[in-house]
Each structure stands twice: as C-alpha cells, then as structure tokens.
Amino acid sequence: MSTKHFIVLAVIFGAIFAIATGFLFSFFSFPQKAATGLGSGQVDVTVGTELGIEVVPPYNVINFGTLDRGQTQNTLPPGTVLPFLIRNMGNVMADVEVCANQDLWSGAAKVPSDYQFSVANADPRVTMDNCMSFGCFDVGNSQMTQANMPIPCPAGMKAVNNLNWEDNKDEAIVHIYLHVPVDEPAGTKSSTVTFTGVSSDTY
C-alpha cells in the first residue's frame, strides 16, 4: 500500500471515529441547554438513606409493667417481656451506636448496673431474620455482654458492629436489664433509648 493510500484511509477512519465518538458522547451526556422545540419531562428520584436504623414495631416499646423494689427483670427468653428489634433500613453496612440520656432510677441506692443493655443475634420469640445461619452482624465486636446505662447522647456507645443491609440479614436484638433500687420512689419510670447508624469503619 502506498503512503498516499495509507493517508487517505487514515483520514477516512479518523473521520468515522470522530463522528462515532461524538455520537456516543452526545448520547450518554446531558445537554447543557434544552433544545428548542423539544418537550420536557420530569424525573422523580427517592434517594435512600445509607445509614437508616429503625426500631421495628411492635418491638420498639418495652413495658416491664409493675416491679417491686429490689426486683430484677430483663427481656431475655423465655420471659414474656420482649426486647428491641433494630433493622438496617439503609443501603450500606453500618455500625450502630446506642444512647439513653435519662436514667430510669432516682433512688439514692441505685448503682450503674441497675439499668443495662446487650445485643443478641436472635430471639426465638421474635419474628426476624435468620441471623444464626446467615450472620447479620459482627458478633465478636458487638456489645454481646451487659453494659451500663444511661449513656449520654449524642455521643453514644458502640452496640452493633457491621450490621448488614441485605433484606434477609439486616437485624439485631437489643436486650434490656433492670434492677429496681431498694429505695426507689413509687411511680412510672421511663427512658428513651436511641439507636444511630454510623459508618461501618467507625469501630
């Protein structure tokens, strides 16, 4: 092939490549200005939260009923008081922090261990993911033993490490433990427990 023919072919292929490239670029990019005479459309998009932690009803309220001074109670099976069930509603793996500003007790005899929480990966009394088989979170680095509350908000304390986001493995159980101080005044006691999703590399 002569140099002249080679140059002609190179020019032809270059022009085809330039046209094809221009078409693809225009096809996959958005114009900066709407073209005259074209209709307009609307795009509705809901962006899901990446770190959305939900306390799942009806396991979002724990009611211990009436307890006597000095009595101990918890949400562990096989009891009738059910634990919290938390779920990762986001679309990424998340660490979960827990906090509770209010103490349940005001008696002078109270000690830190009178109000505690811990995490579990399953409860036979609660309809939930099969976390025992699939593994919903990193059990070894989660708060599987009892920890004292209250815990100041918003700082919080690590409760669950690497809670999954997949529908069949995105849940965890949170148990509550109580001991009523021997001098606790009579009346209704309440405490709000808050669970917050943070980046999975936080802990």
Side-chain angles (χ1 to χ4, degrees), residues 28 30 41-65 67 72-102 104 113 115-179 190-203:
F28 287 110
F30 294 101
Q42 179 175 321
V43 176
D44 294 320
V45 178
T46 300
V47 179
T49 176
E50 293 185 345
L51 300 171
I53 301 300
E54 176 186 69
V55 187
V56 183
Y59 310 107
N60 57 344
V61 176
I62 298 175
N63 188 342
F64 284 95
L67 300 179
T72 298
Q73 180 64 282
N74 58 57
T75 60
L76 297 173
T80 57
V81 182
L82 298 179
F84 289 125
L85 174 62
I86 61 174
R87 179 181 295 152
N88 185 352
M89 299 297 292
N91 55 13
V92 296
M93 192 171 289
D95 292 341
V96 182
E97 294 178 339
V98 61
C99 69
N101 276 329
Q102 311 103 311
L104 274 173
S113 60
Y115 179 28
Q116 298 179 312
F117 85 95
S118 73
V119 173
N121 59 348
D123 189 314
R125 305 164 300 165
V126 176
T127 302
M128 64 178 297
D129 293 342
N130 188 353
C131 296
M132 294 295 287
S133 298
F134 291 110
C136 291
F137 58 92
D138 176 12
V139 172
N141 290 300
S142 297
Q143 190 61 48
M144 305 294 285
T145 58
Q146 295 164 235
N148 298 337
M149 293 199 290
I151 301 163
C153 297
M157 171 184 175
K158 178 185 71 173
V160 182
N161 190 68
N162 290 349
L163 181 60
N164 213 310
W165 74 97
E166 299 175 57
D167 288 346
N168 66 338
K169 47 179 178 177
D170 58 2
E171 295 177 342
I173 293 290
V174 179
H175 287 296
I176 300 295
Y177 309 77
L178 304 181
H179 173 262
S190 65
S191 174
T192 300
V193 181
T194 301
F195 301 94
T196 304
V198 296
S199 173
S200 60
D201 59 5
T202 302
Y203 297 102

Nearest 0.5 Å please: distance from the SG atom of C131 over to the CG atom of D170.
8.0 Å

Just jot down the ring-ring contact (aromatic ring centres under 6.0 Å, His included) partners of F195, sequence neighbours excluded, or say none.
F84

How close do A159 and V98 get, heavy atom to heavy atom, and via which atoms?
CB-CG1, 3.9 Å

For V139, give me all partners under side-chain contact (heavy atoms from CB on, under 4.5 Å), at least two apart in sequence or on another chain.
N121, F137, M144

Main-chain N/O of N141 paired to K158 side chain as donor or acceptor, under 3.5 Å:
yes

Where the side chain of R125 meets the backbone of G79, is there a donor-acceptor pair that is under 3.5 Å apart?
yes

Step by step, work out the side chain to side chain contact (heavy atoms under 4.5 Å, CB included) result for L85 and E171.
CA-CA 7 Å; L85 174 62; E171 295 177 342; 3.9 Å; yes

May I ask you to test the V92-L51 pair for a side-chain heavy-atom distance under 4.5 Å?
yes

In short, V160 meets I86 closest at the heavy-atom pair CG2-CD1, 4.0 Å

Evaluate N88 against I53 for side chain to side chain contact (heavy atoms under 4.5 Å, CB included), listing each step before the verdict.
CA-CA 5 Å; N88 185 352; I53 301 300; 4.2 Å; yes

Is there a side chain to side chain contact (heavy atoms under 4.5 Å, CB included) between Y177 and T72? Walk through the geometry before answering.
CA-CA 8 Å; Y177 309 77; T72 298; over 6 Å; no

Evaluate the side-chain proximity of P150 to N101: yes if any heavy-atom separation is below 4.5 Å, no if none is.
no

Could you tell me if the side chain of T196 sits less than 4.5 Å from the side chain of P154, heavy atoms only?
no

Checking N168 against N130 for the side chain to side chain contact (heavy atoms under 4.5 Å, CB included) test, could you report, in this order, the C-alpha distance in whole Å, the side-chain angles of both residues, the deciding distance, and whether it holds?
CA-CA 7 Å; N168 66 338; N130 188 353; over 6 Å; no

Is Y59 close to V126 at the side-chain level, that is, under 4.5 Å between some pair of heavy atoms?
yes

Going by atom types alone, do N161 and D138 pair a side-chain donor with an acceptor below 3.5 Å?
yes

Whether Q146 side chain and N148 backbone form a donor-acceptor pair below 3.5 Å
no

Minimal non-hydrogen separation, E97 against A155, with atom names
OE1-O, 3.2 Å

Nearest heavy-atom approach of W165 to M93 is CE3-N, 3.4 Å

Is a side-chain donor-acceptor pair under 3.5 Å present for H175 with T75?
yes

Check this for me: D167, atom CG, are more than 12 non-hydrogen atoms of other residues, nucleotides or ligands nearer than 6.0 Å?
no

Quick check against the 3.5 Å criterion: does S191 have a side-chain atom that pairs as donor or acceptor with the backbone of Q102?
yes

